[in-house]
Amino acid sequence: MADFSPTEMMTVAAARVLRNEDVCFVGIGMPSAACNLARLSHAPDITLIYESGTIATKPDVLPLSIGDGELCETALATVSVPEMFRYWLQGGRINRGFLGAAQLDRFANINTTVIGPYGKPKVRLPGSGGAPEIATSCGEIFIVMAQSKRSFVDKLDFVTSLGHGKGGDDRQKQGVTTKGPTLVVTDLCIMQPDPVTKELTVTGLHPGVTPEQVAAATGWALKFAPELTETPPPSDAELAVLRALHQRTNEAHQPKAAE
Amino acid sequence: MADFSPTEMMTVAAARVLRNEDVCFVGIGMPSAACNLARLSHAPDITLIYESGTIATKPDVLPLSIGDGELCETALATVSVPEMFRYWLQGGRINRGFLGAAQLDRFANINTTVIGPYGKPKVRLPGSGGAPEIATSCGEIFIVMAQSKRSFVDKLDFVTSLGHGKGGDDRQKQGVTTKGPTLVVTDLCIMQPDPVTKELTVTGLHPGVTPEQVAAATGWALKFAPELTETPPPSDAELAVLRALHQRTNEAHQPKAAE
Amino acid sequence: MAVFSSLAEAVAANIRDGDTVAFEGFTHLIPFAAVHETIRQKRRDLHLVRMTPDLIYDQLIGMGCVRKLTFSWGGNPGVGSLHRFRDAVENDWPRPLEVDEHSHAALANAYEAGAAGLPCAILRGYRGTQHGSVNPNIKSVTCPFTGEVLAAVPSIRADCAVIHAQKADRKGNVFLEGIVGVQKEAVLGAKRAIVTVEEVVDDLGDVSPNACILPSWTVSAVVEVPGGAHPSYAHGYYKRDNAYYKAWEDIGREREVFLKWMEEHVMRQGPDAFKRHAMKAA
Amino acid sequence: MAVFSSLAEAVAANIRDGDTVAFEGFTHLIPFAAVHETIRQKRRDLHLVRMTPDLIYDQLIGMGCVRKLTFSWGGNPGVGSLHRFRDAVENDWPRPLEVDEHSHAALANAYEAGAAGLPCAILRGYRGTQHGSVNPNIKSVTCPFTGEVLAAVPSIRADCAVIHAQKADRKGNVFLEGIVGVQKEAVLGAKRAIVTVEEVVDDLGDVSPNACILPSWTVSAVVEVPGGAHPSYAHGYYKRDNAYYKAWEDIGREREVFLKWMEEHVMRQGPDAFKRHAMKAA
């Protein structure tokens, strides 16, 4: 077994939850890496959809933006952005959404809008993009993001996208019928919402990670399941595919020699 | 000058009101013949739009249906039917609409739904098709139809599409900002709405037609303008183009010898 | 994920008595073969939806398959009446027909809203007309920003949508082009979808990145039925058989003539009868 | 009817101080050349609309052209922040920036509704989020058939839309393909539209009947600006210059560096500077 980084462990663990028959709405960055790793390993026929309108795309390198040419060139079809959000996302045709976040709370609600007050933010983040409706329209949501006290917070500065709201059946009370976040994969562990309270609970640790480390990287008193699984480390095959993907990607995004 | 039929006069008179720069929503039948005659004579660059989604189409023969292959094959572009009604018609991009009717009243309101009561009709007509929104979304409306007491009636059995409503500013009161019917061309005469009352008024007669004939073919006490113009008869060139168009059309719609 | 099957299997599996079914195709690509199979299988109490009922609904109505019709223009285009439709409305023959009547704009929007997963569509429509007084499915909403009152109609979400397309690849991805009508919306708004195609190909080939494509996972069944849109047409394959449409005027007018014609041309035939109309443009 | 003109003339004629302007292009076909010309002409008090502000709006904001921004995601895709946008929101530099913030779904629907001539769009959106509490442009309507409460946002009807496309014919009909974003909607919803194109051709050629085409009479000005979307890209012509996007992180971060870069690369240049990026794929 090769050495691997926490980020590689996170990407591999996230990729593993995807299945060949999934239709998955993919965010840029870590979600995109995980989804394409799944496609290039155990789920070759997975349908990946990017909000730029590209349906069933099979990029050879990871896109830097949500709409790199590679996505369109390798897609089954490319639709307009209004059609993507209306017919495909809101139409209920997509069963998995993969999101990241700047801040996440214990009920997997997401902030990607501001740090500090909305009217006078300390840090103006990019904003919501597709996330608010991805979070409510996809059949279920997987979240993948690096874990730290700054990002796993007790209280969001702004609720950009709904997770489980205030917990329990709050999500249904908001008129939302989809499952919402069923899994959070970080560089340290795996969390799942408690079946009743919907509070995120650590159910698995990545190899070599202790519960104390995870708790120290979380801004609230994090709950742990009585029995914790240990995430199987990345296999040689998984690492080889992921690293080759990143290698191709880095080469593709370098400035051209001619320029 | 060649002999010509009343229908030919009607078609030619209708065609003449179209201009090269018009963007025209075309109904099937007489409107289609008039619009294509205009295109094949004095308005070669007129933009003809059919509700099947075909934009700037240039058919060589008249389509039998609103969506014959000829329309798509010769169009600049073909869009979906929802797009046609949303972006192009409701979006206000079309300045002329050309409609026919089963029944017309003195304010140019249109019935194409039923003869007799709606719940138990004597004759079930095809229904509204695109007309209700063509009548209100196009910049202005031209109506072309053969005149008779059965079709020009005192009271419609059903108001399928708005003309000038109850007359005067009733159209604006209904929340409609477009001009509505500004011209009716029949096989006998030309009518225009009175500038104030909006009641249809005969302003021109086709060659050889008397006011008495027109009145006798109308189901209400029809008004005539003090000065009536005489429609110039079809020119040889107009007739030649129209007859060649009908000739090509008839040949194209015959059963194939092979079948 | 689309299943490849025979037409009889596809209809048996996806269209049930009492279903709301949208056989779509705006003049172009009308699924005649699938309609004929539905008639042969004697489906009953169907609620049919279609902007332009056309001959296919005249045939379904006249054969007693239909309880209710949602439509916006019921004629034989450029020819005249749909006599079986008229006979049902005017004389309740062969059974009464409930009518849910709209304008094209409203139905096009209703299909669009169905594909978009919305409960209703809004449009600037029906102004100054009588439609709202005879159809409870025409209501209004007020724009919360401008106060403008807009018409509202329920979205169309059929139990089954049925369309004909040019081709499918071996995974069941469907391609159509030309006058695409409301077919994509009908399929995406429906619970199930049957697509008949002119041909099944290894690869959809060099089509535009923005081509109208229905991925395999949006379709329940794909059936290869060459010529299956006749007497309608398939852009790039064969032309509209306008003579057939003109002949329908006399076939459809009288009940006896109609029934005899249907017996001979539909009941005693199968999907293979359409093959002789299939033809691919050079 | 589209007028062929220089880029300077097109911007001068169609973009005025105080206008609402939508420079669109979803990652692909972003109209960089037209934005640079707008900056050179020193337009002020613009209300900009765009789903993904991208570097072009960072440049316009940093150069003091912008009063208000309607947007849904303001970042440098895959790289990081738009520092000029952040500086305006966080520190009011070079002037305060009013923000009208939405989700992608809401803005995509708002463009769609603008093209459709509606005053507002309805969507199943914003549920369980805080957006409505900070933006009065997020309201709701109730479906009159089901009682479901849907989000409503005002439609986007810009004074001027600006897009880049692959080609136009000599009549001014515009063709685009690939990731077409919301460009068609932005143009059809706007009072005026400027389209820069990679090339003007005699004939659009053998394109799909359902290709994305904007007829000449929907466009105010067509300008041939080869390479005009760089560092964005033009499908079939040249690729996205991801290295430029990465370099922007350092260019945009500090005010002085930014201003110096803009002076050199924008203010002292013209549309011809984009030519060296133009390239047609074989």
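The sequence lines fix the lettering, A, B, ..., with proteins before strands; numbering per chain opens at 1. Side chains are part of it too, since the values below use all heavy atoms of this structure and drop only hydrogens, waters and symmetry mates.
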For B:Arg150, does the CZ atom sit with more than 12 other heavy atoms under 6.0 Å from it, leaving out its own atoms?
no

Compare every heavy atom of [Y] with every heavy atom of [X], then report the nearest pair and how far apart it is.
X	Y	answer
B:Val81	C:Ala108	CG1-CB, 4.0 Å
B:Ser128	C:Glu101	N-OE2, 4.3 Å
C:Thr27	B:Ser65	CG2-OG, 2.6 Å
B:Pro132	C:Thr129	CB-CG2, 4.3 Å
C:Val182	B:Pro82	CG1-CD, 3.5 Å
B:Pro121	C:Val89	CG-CG1, 3.7 Å

Which atoms of [X] are under 4.5 Å from chain B, going by heavy atoms: the side chain, the backbone, both sets, or neither?
X	result
C:His131	both
C:Glu90	both
C:Leu123	both
C:Tyr244	neither
C:Lys246	side chain

Side chain from CB out, backbone as N, CA, C, O: work out which of these in [X] comes under 4.5 Å of a heavy atom of chain C, or both, or neither.
X	answer
B:Lys122	backbone
B:Glu70	neither
B:Val114	neither

Which distance, rounded to the nearest 0.5 Å, do you find between the [atom1] of [X] and the [atom2] of [Y]?
X	Y	atom1	atom2	value
C:Trp73	B:Thr113	CH2	OG1	12.5 Å
B:Leu64	C:Asp241	CG	CG	10.5 Å
B:Gln90	C:Asn109	CD	CG	6.0 Å
C:Glu185	B:Glu83	CD	CD	10.0 Å
B:Ser52	C:Ile179	OG	CD1	4.0 Å

Indicate yes or no: at least one non-hydrogen side-chain atom of [X] is less than 4.5 angstrom from one of [Y].
X	Y	result
B:Glu51	C:Met51	no
B:Thr78	C:Val180	no
B:Ser137	C:Arg124	no
C:Arg86	B:Val123	yes

Best-contacting candidate, [options], against chain B by heavy atom pairs under 4.5 angstrom:
options	result
C:Tyr111, C:Phe71, C:Tyr126, C:Phe26	C:Phe26
C:Glu148, C:Arg127, C:His102, C:Gln183	C:Arg127
C:Ala234, C:Gly78, C:Ser133, C:Ser232	C:Gly78

Hits for side chain to side chain donor-acceptor pair (under 3.5 Å) against C:Ser103, two or more places apart or cross-chain, chain-then-number order -> B:Glu133

Heavy-atom pairs under 4.5 Å with chain C, option from B:Pro63, B:Gly130, B:Ser32 with the top count
B:Gly130

For each of B:Arg124, B:Met84, B:Lys120, tally heavy-atom pairs with chain C at distances under 4.5 Å, and name the one with the top tally.
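Answer, by heavy-atom pair count under 4.5 Å with chain C: B:Arg124.
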
Under 4.5 Å, heavy atom to heavy atom, which residues of residues 155-169 of chain B contact chain C?
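Interface residues of residues 155-169 of chain B: B:Phe158, B:Val159, B:Thr160, B:Ser161, B:Leu162.
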
Would C:His235 and B:Cys72 satisfy side chain to side chain contact (heavy atoms under 4.5 Å, CB included), going step by step from the backbone distance to the final call?
CA-CA 9 Å; C:His235 181 103; B:Cys72 176; 3.7 Å; yes

Checking C:Gln130 against B:Tyr118 for the side-chain hydrogen bond (donor to acceptor under 3.5 Å, both in side chains) test, could you report, in this order, the C-alpha distance in whole Å, the side-chain angles of both residues, the deciding distance, and whether it holds?
CA-CA 10 Å; C:Gln130 250 173 290; B:Tyr118 184 82; over 6 Å; no

Listed partners of B:Asp68 passing salt bridge (Lys or Arg N to Asp or Glu O under 4.0 Å), at least two apart:
C:Arg240

For C:Tyr233, check ring pair (Phe, Tyr, Trp, His ring centres under 6.0 Å) against everything at least two apart and list the hits.
C:His28

